Amino acid sequence: MKVKRVIYPGTFDPITNGHLDILNRALALFKKVEVVIGQNPHKSPLFSLDERKALIEKSVNFNRYVKVVTYRGLLVDYIKKGEKAIFIRGLRVVSDFEYELQMAIMNRKLNPNVETVFLMPNEQYIFLSSSMVRDIVKFKGDIGRFIPGVVQQALLDKYRSGNLG
Ligand code: COA
């Protein structure tokens with residue numbers, strides 16, 4: 001399969017060092033990665049799509065090998081007809097597996113030109129999630145070493161201003 005595009009999709013509400021760890025692993029394998037901020041209809045994000053995009057761009061220092069886009073709709077429709085693509089997903093713990101397998105198989109059924117590649121984060125990020133990060137900052141806990149500085153500041157600003165999405 002000659003891959004045209006490598007896509008790392010997610011909600012990224014907000015991006016964490018765990019996501020960055022996966023992204024860096026993907027960049028070690030592929031020249032360019034598109035981070036696609038998609039819509040999970042079961043989530044009500046704290047940050048707007050544009051805020052999440054800006055946070056990711058700043059967190060990767062505007063790396064020219066990382067393109068960050070927002071996308072509304074089915075992820076497989078982000079790929080042009082006939083184009084071959086890889087979706088990168090992080091696998092943290094066994095409980096991720098069932099949901100990820102379901103999504104990977106469904107995406108492949110919807111578009112056989114899409115393959116999902118799973119990468120495992122560094123073990124220090126195995127139990128990290130965006131909602132955990134949001135909760136800890138909300139209740140004034142220290143999560144600094146698990147998120148980029150810009151994200152920590154953005155979360156503090158959100159909770160201080162009461163502008164909760
Ligand atoms: N580090 C830290 N956290 C991680 C992580 C890592 N390496 N890998 C996963 N996570 C966490 C996320 O922080 C998130 O945590 P939260 O739920 O507490 O916020 C959770 O794992 C899973 O989120 P995410 O990876 O963002 O995926 P998602 O389940 O929200 O799915 C899309 C997002 C965009 C990929 C999916 O909804 C989608 O494809 N939407 C488009 C519609 C579509 O095509 N649907 C058909 C799918 S078959």
Side-chain angles (χ1 to χ4, degrees), residues 5-30 33-53 55-56 59-60 66-81 83 85-139 141 143-152 154-155 158-159 164-165:
R5 301 171 76 176
V6 178
I7 287 157
Y8 181 24
T11 305
F12 303 109
D13 186 42
I15 189 160
T16 68
N17 289 349
H19 293 120
L20 290 172
D21 180 271
I22 295 291
L23 179 59
N24 285 327
R25 286 172 199 279
L27 284 168
L29 298 172
F30 307 103
V33 177
E34 292 175 61
V35 176
V36 177
I37 308 169
Q39 263 184 320
N40 180 337
H42 307 287
K43 289 183 175 174
S44 310
L46 175 67
F47 290 101
S48 71
L49 283 171
D50 287 344
E51 286 173 327
R52 281 177 272 159
K53 180 173 187 276
L55 286 175
I56 297 172
S59 300
V60 300
V66 178
K67 180 177 169 187
V68 187
V69 297
T70 62
Y71 185 72
R72 290 170 205 266
L74 272 185
L75 210 54
V76 289
D77 291 340
Y78 179 72
I79 311 300
K80 291 195 192 84
K81 224 175 167 190
E83 232 175 21
I86 283 180
F87 287 176
I88 302 283
R89 293 288 289 169
L91 263 192
R92 294 163 302 168
V93 282
V94 175
S95 52
D96 277 350
F97 184 72
E98 206 174 326
Y99 169 65
E100 291 298 337
L101 180 70
Q102 237 180 342
M103 207 154 59
I105 299 291
M106 184 52 80
N107 278 330
R108 198 163 60 190
K109 275 193 201 300
L110 293 169
N111 184 343
N113 286 326
V114 169
E115 279 299 347
T116 301
V117 169
F118 295 105
L119 298 176
M120 272 70 73
N122 185 296
E123 56 276 12
Q124 64 177 315
Y125 303 128
I126 288 283
F127 294 104
L128 186 60
S129 73
S130 298
S131 51
M132 202 181 274
V133 160
R134 292 194 304 270
D135 287 353
I136 292 172
V137 176
K138 188 172 182 176
F139 296 112
I143 193 81
R145 70 199 146 110
F146 291 111
I147 48 178
V150 281
V151 170
Q152 190 173 21
L155 277 166
K158 264 283 174 213
Y159 290 123
L164 303 181

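Please read these numbers as outputs of a predicted model, since none were measured by experiment. Atoms within each ligand, like the ligands themselves, are counted from 1 in listed order.
In plain terms, the two heavy atoms of L119 and I22 that are nearest each other are O-CD1, 3.4 Å. Residues K67 and V69 come closest through the heavy atom pair CE-CG1, 3.8 Å.
Of all the atoms in ligand 1, the ones that sit under 4.0 Å from a non-hydrogen atom of I22 are 7 (N). For ligand 1, the atoms sitting less than 4.0 Å from at least one non-hydrogen atom of T16 are 1 (N), 2 (C), numbered in the order shown with element in parentheses. Close contacts of ligand 1 with Y99, meaning ligand atoms under 4.0 Å from a residue heavy atom, involve 28 (P), 29 (O), 31 (O). Taking every heavy atom of S131 and a limit of under 4.0 angstrom, the matching atoms of ligand 1 come to 16 (P), 18 (O), 19 (O). Counting atoms of ligand 1 from 1 in the listed order, those under 4.0 Å from a heavy atom of K43 are 14 (C), 16 (P), 17 (O), 19 (O), 22 (C), 23 (O), 28 (P), 30 (O). Of all the atoms in ligand 1, the ones that sit under 4.0 Å from a non-hydrogen atom of S129 are 3 (N), 13 (O), 15 (O), 18 (O). Those atoms of ligand 1 that come under 4.0 Å of a heavy atom in G38, given as number and element, are 34 (C).
Residue contacts with ligand 1 include L74, since one of its heavy atoms falls under 4.0 Å from the ligand. Using a 4.0 angstrom heavy-atom cutoff, F87 does not count as in contact with ligand 1. Heavy atoms of R89 come nearer than 4.0 angstrom to ligand 1 in at least one pair. Taking a 4.0 Å cut-off on heavy atoms, G73 registers as neighbouring ligand 1.
Contact annotation: the side chain of E51 approaches that of K158 to within less than 4.5 Å [non-hydrogen atoms, C-beta and beyond]. Residues L110 and M106 form a side-chain contact, since some pair of their non-hydrogen atoms from C-beta on lies under 4.5 Å apart. Counting heavy atoms from C-beta on, the side chains of L27 and V66 come closer than 4.5 Å.
Protein heavy atom at the shortest distance from atom 33 (C) of ligand 1 is T11 OG1, 3.5 Å. Nearest to atom 41 (C) of ligand 1 among the protein's heavy atoms is Q39 O, 3.3 Å. With hydrogens left out, the protein atom closest to atom 21 (O) of ligand 1 is R92 NH2, 3.1 Å, a heavy atom. Among protein heavy atoms, atom 48 (S) of ligand 1 sits closest to M103 CG, 3.5 Å. Nearest protein heavy-atom neighbour of atom 12 (C) of ligand 1: H19 NE2, 3.7 Å.
Around atom 3 (N) of ligand 1, the closest heavy atom drawn from N17, L128, D135, I105 belongs to L128. Closest heavy-atom approach to atom 6 (C) of ligand 1 within the set P14, G18, A104, G10: this belongs to G18.
No side-chain donor-acceptor contact under 3.5 Å links R108 to the backbone of N113. Looking at R25, its side chain never comes within 3.5 Å of a backbone N or O of P121 through a donor-acceptor pair. Put simply, the side chain of D21 never gets that close to the backbone of N17: no donor and acceptor are under 3.5 Å apart. S130 contributes a side-chain N or O that, together with a main-chain N or O of P14, makes up a donor-acceptor pair within less than 3.5 Å.
For ligand 1, the polar-atom distance check against Y125 finds no nitrogen or oxygen pair separated by under 3.5 Å. In terms of polar-atom proximity, L75 is counted as a contact of ligand 1, with an N or O under 3.5 Å from an N or O of the ligand.
Residues that satisfy the salt bridge (Lys or Arg N to Asp or Glu O under 4.0 Å) test with R5, not counting sequence neighbours, are E34, E83.
Applying the salt bridge (charged side-chain N to carboxylate O under 4.0 Å, His left out) rule to pairs touching residues 117-126 yields nothing, sequence neighbours excluded.
Using a 4.0 Å cut-off between charged side-chain N and carboxylate O, D13 and R134 make a salt bridge.
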